[in-house]
Student: 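One structure is given below, represented as structure tokens, and several questions about it will come after.
Every value quoted in this text rests on a predicted model; they were computed, and no experiment measured them.
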Amino acid sequence: MQYRKFGNTGMMISALGFGCMRFPENQLEDDSWEVDQEKTTEMLMRAYELGVNYFDTALYYCHHNSEIALGKALKPVRDKVYISTKCPLDRVQTKEDYEKTLDESLSKLDTDYIDCYHFWGINQKVFDEKIVPMGLLEEAQRLKAAGKIRHISFSFHDTPEALKHIIDNGPQLESVLLQYNLLDRANEEMISYAAKKGLGVVVMGPVGGGRLAAPTELAQKLGSGNLHTYELALRFVLGNPDVSCALSGMQNPTMVEQNAAVASLEVPMTEAQWRQAGQSMEDLKKFSELYCTGCNYCQPCPQGIVIPKIFQAYTYHNVYGLTELAKKTYWNYVNNEKNPGATCKDCVDCGLCEEKCPQHLQIRQLLKKVEGVLESL
Ligand code: SF4
Ligand code: SF4
């Protein structure tokens, strides 16, 4: 296992981290769920033996049972590993709620301290309108001084600009957990910024939440031989020197062993290979019939059509050969429970999107074609 400096925290963490959101579970007769502790402990201990020392959970993972299962499994080696968990801000209506939520995690994990305690899944609005005015950064610092938290962290879902805003205005923050993979490099520049500012950077979804995990076609398209796509994707994330750790939500000991082997490579990818992989991904897209950069300038569409999302789904299929991912992305968008996605059927031909697209795409025509293909997959 390779170990990397974790920002300015003084920690050296394993290049592979264990994402504890997919433990094996059983559904009980009363419809509640329990984690299969035996299988989970076996898998976590295998990871520990292979050198994984960073374990990331959250209060709600695995039907609220992940922290308990993780705490039980790691009890014998607690002082040799780092535990990360997360505070859901919807639970925090007063400053006191923050400590109460932390105490609940400490109790479930059966430990006296959390190594990295995250503000969970925040965006700029939550940061500006809740965390800062409620004084939660100062509260976290107080609890750090009291020994309950070792490092103050946040996980993040917003634009790169918002990430910069949070880093610049949250000097107490010591590490960030964010999305980054071969298919979604939007955060790349800010990963470098965070690292320069001394934050540790942990990546979630290094293999696209398992999405990249299936075929080898992508590696072949990129001229990377017969590498399994999960391996190519993990190597790519770890090939970025500003990334401290890639989390993987592993579900069995085999996955643990496969990922640990990649994270043990001294050089997962040379700088030249890393640049080449990124460039090849871009070129594949560029020379395809539909080069949408995902810049979002066409948004918002007055009819609510999320054009880049639909084009992205098509690119997964048409350019990268990731057809299952394309179907999942498209249908998740169209059938979204809370907010079903608008499609070309809703287009009123206003042409606003085409006026704003720097690639001069004939968006209206393309939407019809692309959706026809996606719906027939
Ligand atoms: S032309 Fe259609 S897709 Fe483009 S902005 Fe207007 S309604 Fe939206
Ligand atoms: S403006 Fe054009 S390139 Fe940018 S996201 Fe929209 S369709 Fe894609």
Side-chain angles (χ1 to χ4, degrees), residues 123-125 156-168 178-194 205 208 211-212 218 221-222 233 236-237 240 242 274-323 325-326 328-330 332-334 336 339 341-375:
N123 54 29
Q124 184 164 341
K125 189 172 158 50
F156 169 82
H157 294 282
D158 202 342
T159 61
E161 294 74 28
L163 180 54
K164 182 169 187 304
H165 172 83
I166 294 170
I167 293 172
D168 288 346
L178 43 67
Q179 182 86 31
Y180 172 61
N181 62 60
L182 196 50
L183 294 181
D184 177 4
R185 298 170 61 195
N187 283 326
E188 198 162 273
E189 204 180 321
M190 281 304 121
I191 286 176
S192 161
Y193 185 73
R211 300 173 309 180
L212 281 172
L218 186 60
K221 277 178 191 251
L222 296 188
F236 179 79
V237 168
N240 183 332
D242 294 321
W274 184 82
R275 289 199 186 287
Q276 184 59 48
Q279 189 56 50
S280 301
M281 288 295 280
E282 225 25 57
D283 287 349
L284 280 175
K285 212 158 69 160
K286 208 175 274 175
F287 297 119
S288 72
E289 81 221 72
L290 196 174
Y291 181 44
C292 167
T293 60
C295 68
N296 269 323
Y297 290 155
C298 55
Q299 297 290 288
C301 150
Q303 292 299 99
I305 304 174
V306 187
I307 299 159
K309 173 67 88 188
I310 296 169
F311 286 175
Q312 181 190 48
Y314 182 69
T315 301
Y316 287 160
H317 160 68
N318 184 51
V319 180
Y320 304 134
L322 301 170
T323 301
L325 172 59
K328 199 169 145 198
T329 305
Y330 182 67
N332 278 352
Y333 165 74
V334 173
N336 186 297
N339 183 18
T343 62
C344 64
K345 292 180 218 59
D346 303 296
C347 174
V348 291
D349 247 349
C350 69
L352 285 174
C353 53
E354 293 179 18
E355 282 169 24
K356 292 186 283 186
C357 176
Q359 302 302 324
H360 309 297
L361 294 176
Q362 297 190 324
I363 293 175
R364 288 169 282 188
Q365 208 182 318
L366 282 164
L367 275 175
K368 285 194 195 110
K369 179 187 161 188
V370 159
E371 287 180 26
V373 173
L374 287 168
E375 287 181 13

Student: Answer yes or no: is there a donor N or O on one side and an acceptor on the other, between the side chain of Asn123 and the main chain of Asp158, under 3.5 Å?
Tutor: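 No; judged by distance alone, with no hydrogens or angles, the pair does not exist.
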Student: Tell me whether the count of non-hydrogen atoms from other residues, nucleotides or ligands lying under 6.0 Å of CD in Gln365 goes above 12.
Tutor: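 No, because the 6.0 Å sphere around CD of Gln365 holds 12 heavy atoms or fewer from other groups.
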Student: Taking all non-hydrogen atoms of both residues into account, name the closest pair between Ala186 and Pro160 and its distance.
Tutor: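 It is O-CG, 3.4 Å.
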Student: Donor-acceptor check, side chain of Asn332 to backbone of Thr329, threshold 3.5 angstrom: yes or no?
Tutor: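 Not a single qualifying donor-acceptor pair exists.
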Student: How many angstroms lie between CD1 in Ile310 and CD in Glu371, if you round to the nearest 0.5 Å?
Tutor: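 One finds 4.5 Å between CD1 of Ile310 and CD of Glu371.
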Student: In the structure I gave you, are the side-chain heavy atoms of Tyr314 and Lys369 within less than 4.5 Å of one another anywhere?
Tutor: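 Yes, close enough: below the 4.5 Å cut-off.
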Student: Between Asn318 and Val373, is the side-chain contact (heavy atoms from CB on, under 4.5 Å) condition met? List the steps.
Tutor: CA-CA 10 Å; Asn318 184 51; Val373 173; over 6 Å; no
Student: To the nearest 0.5 Å, what is the distance between CG on Leu325 and CG on Leu183?
Tutor: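 It comes to 6.5 Å.
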Student: Under 3.5 Å, is there a donor on one side chain and an acceptor on the other for Glu282 and Tyr291?
Tutor: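 Side chains of Glu282 and Tyr291: pair found under 3.5 Å.
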Student: What's the spacing between Leu163 CG and Phe156 CZ if we round to 0.5 Å?
Tutor: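 One finds 4.5 Å between CG of Leu163 and CZ of Phe156.
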Student: Ignoring hydrogens and geometry, is there a side-chain-to-backbone donor-acceptor pair from Gln303 to Cys347 under 3.5 Å?
Tutor: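 Side chain of Gln303 to backbone of Cys347, a donor-acceptor pair under 3.5 Å: no, none is there.
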Student: How close do Ala342 and Tyr333 get, counting heavy atoms only, and between which atoms?
Tutor: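 That would be O-OH, 2.5 Å.
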Student: Looking only at heavy atoms, what is the nearest atom pair of Pro308 and Cys292, with distance?
Tutor: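 Shortest heavy-atom contact: CA-SG, 4.3 Å.
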Student: Which atoms form the tightest heavy-atom contact between Gln299 and Lys356, and what is the distance?
Tutor: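 Looking at all heavy atoms of both residues, the shortest contact is O-NZ, 3.8 Å.
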Student: How long is the gap from CD1 on Ile305 to CZ on Arg364, to the nearest 0.5 Å?
Tutor: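 With rounding to 0.5 Å, CD1 (Ile305) is 11.0 Å from CZ (Arg364).
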Student: Hey, is CD on Glu189 packed in by over 12 heavy atoms from elsewhere, all under 6.0 Å?
Tutor: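 Not more than 12 within 6.0 Å, no.
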Student: So which heavy atom on Leu367 is nearest to which on Cys344, and how close?
Tutor: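 Closest approach of Leu367 to Cys344, heavy atoms only: CB-CB, 3.8 Å.
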Student: Compare every heavy atom of Gln179 with every heavy atom of Asn187, then report the nearest pair and how far apart it is.
Tutor: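 Reported closest heavy-atom pair: ND2-O, 2.9 Å.
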Student: Where does the angle between the aromatic ring planes of Phe236 and Tyr180 fall among parallel (under 30°), tilted (30 to 60°) and perpendicular (over 60°)?
Tutor: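 Phe236 and Tyr180: tilted rings.
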Student: Between SG of Cys353 and CG of Leu361, what distance do you get to the nearest 0.5 Å?
Tutor: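 Going from the SG atom of Cys353 to the CG atom of Leu361 covers 9.5 Å.
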Student: Compare all side-chain heavy atoms of Tyr316 with those of Leu374 and state whether any distance is below 4.5 angstrom.
Tutor: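 They are not in contact (no side-chain heavy atoms under 4.5 Å apart), so the answer is no.
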Student: Supply the atom-to-atom distance Trp274 CH2 to Leu182 CG, rounded to the nearest 0.5 angstrom.
Tutor: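 Those atoms lie 10.0 Å apart.
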Student: Assess whether atom NZ of Lys368 is packed by more than 12 heavy atoms of other residues, nucleotides or ligands within 6.0 Å.
Tutor: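 12 or below, so no.
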